[in-house]
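The analysis underlying the following values was restricted to heavy atoms, covering all of them including side chains, and did not include hydrogens, waters or symmetry mates. Chain letters run A, B, ... following the sequence lines, proteins first and then strands; every chain starts at 1.
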Amino acid sequence: MDFKQRVYQLVKKIPPGKVSTYKEIAREMRNTKLGRAVGQALRHNPYPFTTFNKEKQIPCHRVINSNGSLGGFNQGVEQKIKLLNQEGIKIINNKIDLDKYLFKF
DNA sequence: ACGGTGACGCTCA
DNA sequence: TTGAGCGCCACCG
């Protein structure tokens, strides 16, 4: 299993209305130091949010920074915010309330 | 093989 | 409370 594939598998586990962080994902795989590598993987996301195939969809918009900020998004941060709002996640000042929405593996 | 870069994280001043 | 510096792993030229 490729590193990237592992990342995608974990991201797909995130339920609607929840979010996860690079830190948690990295920790789940090996150690928290892998955050950058995780970013690489999602950056090469084969299924952008525009993909309607739910089975293969990778909700990369649910992956945020450990500090609650959205981080980057190759499709545009504004779209990311839209999608998250659409799932009922409140975003304040471009940040997410991790206490409420963080999904832990 | 090597060095640069990135959607990051931690530590310390 | 901020900001700078360093480290980390994977990917690409």
### Task
Provide, to the nearest angstrom, the distance between the CD1 atom belonging to I58(A) and the P atom belonging to dA7(B).
17 Å
#### Entry: E24(A) CD - dC8(B) C1' separation (whole Å)
14 Å
Where do N or O atoms of nucleotides 3-7 of chain C meet protein N or O atoms at under 3.5 Å, pair by pair?
{"from": "dG7(C)", "atom 1": "O6", "to": "R36(A)", "atom 2": "NH1", "distance (Å)": "2.4"}
{"from": "dG7(C)", "atom 1": "N1", "to": "R36(A)", "atom 2": "NH1", "distance (Å)": "3.1"}

### Task
Please tell me which of the listed nucleotides, dG9(B), dG6(B), dC11(C), lies nearest to the side chain of S66(A)?
dG9(B)
### Message
Looking at R6(A) and E28(A), is there a salt bridge between them, counting it only when a charged N and a carboxylate O are closer than 4.0 Å?
### Response
no
#### Entry: Length of the NE2-P vector between H44(A) and dC9(C), whole Å
19 Å
Can you give me the N/O atom pairs linking the protein to nucleotides 11-13 of chain B at distances under 3.5 Å, or say none if there are none?
none

### Task
Using a 4.0 Å heavy-atom cut-off across all strands, classify G72(A) as base, sugar-phosphate, or nothing.
base
### Query
Within the structure, does a side-chain N or O atom of T32(A) lie under 4.0 Å from either OP1 or OP2 of dG9(B)?
no
### Task
Return the value, rounded to whole Å, for the distance between atom CG of N31(A) and atom C1' of dC8(B).
12 Å
## Note on the structure
Taken to the nearest whole Å, NZ/K4(A) to P/dG6(B) is 17 Å
### Query
Is L42(A) close to Y22(A) at the side-chain level, that is, under 4.5 Å between some pair of heavy atoms?
yes
### Query
Are any side-chain N or O atoms of K4(A) and backbone N or O atoms of V38(A), one a donor and one an acceptor, separated by less than 3.5 Å?
no
### Nearest-angstrom distance from the residue atom CZ of F73(A) to C1' of dG6(B)
16 Å
### Query
Contact class for L34(A) (heavy atom, under 4.0 Å): base, sugar-phosphate, or nothing?
sugar-phosphate
### Task
Start with the C-alpha gap between V11(A) and R62(A), add the side-chain angles, then the distance that decides, and say whether side-chain contact (heavy atoms from CB on, under 4.5 Å) holds.
CA-CA 8 Å; V11(A) 173; R62(A) 295 188 192 134; 5.9 Å; no
### Message
Contact between V19(A) and I14(A) at the side-chain level, heavy atoms closer than 4.5 Å - yes or no?
### Response
no
### Query
Out of dG9(B), dC12(C), dT5(B), which nucleotide sits closest to the side chain of Y22(A)?
dG9(B)
#### Entry: Whole angstrom value for the distance that separates C1' of dA7(B) from CZ of F3(A)
13 Å
### Query
Are H61(A) and E87(A) close enough that a side-chain donor and a side-chain acceptor fall under 3.5 Å?
yes
### Task
List the steps, then state whether side-chain contact (heavy atoms from CB on, under 4.5 Å) holds for L84(A) with Y101(A).
CA-CA 11 Å; L84(A) 291 172; Y101(A) 303 111; over 6 Å; no
### Query
So which one's nearest nucleotide on DNA chain B is more toward 5', N67(A) or Q40(A)?
Q40(A)
### Message
Which nucleotide wins on minimum distance to the side chain of C60(A), given the candidates dC10(B), dG6(B), dA7(B)?
### Response
dA7(B)
### Heavy-atom pair of closest approach, residues N85(A) and K90(A)
OD1-CA, 4.3 Å
### Query
With respect to the phosphate group of dA7(B), does any side-chain polar atom (N or O) of N74(A) fall under 4.0 Å of OP1 or OP2?
no
### Query
Rounded to the Å, how far apart are R43(A) CZ and dC12(C) C1'?
10 Å
### Task
Step by step, work out the side-chain contact (heavy atoms from CB on, under 4.5 Å) result for S20(A) and I25(A).
CA-CA 7 Å; S20(A) 188; I25(A) 293 173; 4.1 Å; yes
### Task
Please report the C-alpha distance between F73(A) and E78(A) in whole Å, then the side-chain angles of each, then the deciding distance to 0.1 Å, and finally whether the side-chain contact (heavy atoms from CB on, under 4.5 Å) criterion is met.
CA-CA 9 Å; F73(A) 195 51; E78(A) 296 185 3; over 6 Å; no
